Structure formats: structure tokens, C-alpha cells
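Atoms considered below: every heavy atom in the structure, side chains included; atoms not considered: hydrogens, waters and symmetry mates. Keep in mind it's a predicted model, so treat the numbers as computed, not measured.
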Amino acid sequence: MALGRRGKIRLVTFDGDVTLYDDGSSLTPDNAVVSRILSLLKRDIRIGIVTAAGYTEASKYYGRLKGLLDAVNKDQQLTADQKTD
Ligand SMILES: [Mg+2]
């Protein structure tokens, strides 16, 4: 968690495997963390997800995080900045 100058939370990072989802598994749309992460994004809090997976292809990260990435993409309340920052 990182705080800005006024003590406001600016960034929250999560471990992926064994924390957000089972070891070697993926973040699926039915995962309860999806709506919670969307709530943080709507408060202008940036999200980081840390993994030791060493893929060289972006598509493999997309596959692992598809449930969250698709939810962010289709959410109609998030601003463009909140989706991309
Ligand atoms: Mg882990």
C-alpha cells in the first residue's frame, strides 16, 4: 500500500497465486475480489498484482487475469483514467 502526500491511499498491490486465486490458477470472473478491486479503482486507487510468473507473452498474463481485466474493460462507471492509469 502506498500513500500520497495527504495520506490518501494511492496504490494497493496484491500477491496473485495463493492470495487472490489458487496456486497456478487464474483470476476468474466469479472471484469475489473482482468487485472489490473495481471499488478501489473507482476511488482512484491504483492496483498492482504481483506474480512470479515469468511469461514473455502478454496474452498469458491476460489469460491469468482475464476475470478482472474484462470486468474493468466493460465497467461503465470507471473513467478512462481509472481503467488505464
Ligand atoms: Mg503467491
Side-chain angles (χ1 to χ4, degrees):
M1 187 173 80
L3 301 179
R5 277 192 306 162
R6 294 180 193 146
K8 187 179 170 199
I9 296 171
R10 303 296 307 274
L11 169 72
V12 176
T13 60
F14 298 95
D15 173 57
D17 291 67
V18 191
T19 305
L20 295 184
Y21 42 82
D22 289 340
D23 193 25
S25 185
S26 299
L27 208 169
T28 52
D30 60 324
N31 190 316
V33 305
V34 172
S35 63
R36 294 180 171 108
I37 288 175
L38 291 180
S39 295
L40 293 173
L41 289 170
K42 287 170 188 173
R43 295 167 58 188
D44 292 327
I45 296 171
R46 293 174 173 90
I47 301 297
I49 296 178
V50 180
T51 176
Y55 304 133
T56 55
E57 300 162 58
S59 62
K60 292 197 173 170
Y61 290 105
Y62 173 69
R64 298 293 301 280
L65 302 174
K66 186 175 188 303
L68 175 63
L69 297 175
D70 288 351
V72 167
N73 189 42
K74 75 181 179 194
D75 190 280
Q76 301 197 337
Q77 295 175 337
L78 286 169
T79 66
D81 283 349
Q82 289 169 334
K83 290 184 179 188
T84 59
D85 276 1

Review point. Apart from Tyr61 itself, what residues make up its hydrophobic cluster when side-chain heavy atoms of I, L, V, M, F, W and Y under 4.5 Å apart count as a link, directly or indirectly?
Key: Tyr55
Review point. Do the non-hydrogen side-chain atoms of Asp17 and Thr19 ever get within less than 4.5 Å of each other?
Key: no
Exercise for review: State plainly whether one hydrophobic cluster holds both Tyr62 and Val50, where clusters connect Ile, Leu, Val, Met, Phe, Trp and Tyr through side-chain heavy atoms under 4.5 angstrom apart.
Suggested key: no
Review point. If Ile, Leu, Val, Met, Phe, Trp and Tyr residues are connected whenever their side-chain heavy atoms lie under 4.5 Å apart, and connections chain through other members, are Leu78 and Ile9 in the same group?
Key: yes
Practice item. Can you measure from CG (Asn31) to CG (Leu68) and round to the nearest 0.5 angstrom? Key: 9.0 Å
Point to revise | Qualifying salt bridge (charged side-chain N to carboxylate O under 4.0 Å, His left out) pairs with a residue from residues 21-45, counting only residues at least two apart or across chains | key: Lys42-Asp75
Point to revise | Within residues 76-85 or reaching into it, pairs that qualify as salt bridge (charged side-chain N to carboxylate O under 4.0 Å, His left out) - sequence neighbours excluded | key: Arg46-Asp85
Practice item. Please list, chain by chain and in numerical order, all residues satisfying side-chain contact (heavy atoms from CB on, under 4.5 Å) with Phe14, sequence neighbours excluded. Key: Val12, Leu20, Ile37, Leu40, Ile47
**Study point:** Thr28 backbone acceptor or donor facing Ser26 side chain under 3.5 Å
**Key:** no
Review point. Are any side-chain N or O atoms of Thr84 and backbone N or O atoms of Ala80, one a donor and one an acceptor, separated by less than 3.5 Å?
Key: yes
Check your understanding: What residues, two or more places apart in sequence or in another chain, satisfy salt bridge (Lys or Arg N to Asp or Glu O under 4.0 Å) together with Lys60?
Key -> Glu57
Practice item. Please lay out, stage by stage, how Leu38 and Val72 fare under the test side-chain contact (heavy atoms from CB on, under 4.5 Å). Key: CA-CA 7 Å; Leu38 291 180; Val72 167; 3.6 Å; yes
Practice item. Output all residues satisfying side-chain hydrogen bond (donor to acceptor under 3.5 Å, both in side chains) with Asn73, sequence neighbours left out; order by chain, then residue number. Key: none
Revision key, fill the gap. Minimal heavy-atom distance between Ala71 and Val34, with the atoms involved, is CB-CG1, 3.5 Å
Practice item. Taking all heavy atoms of Ala53 and all of Arg64, pick out the closest pair and write down the distance. Key: CB-NH1, 4.2 Å
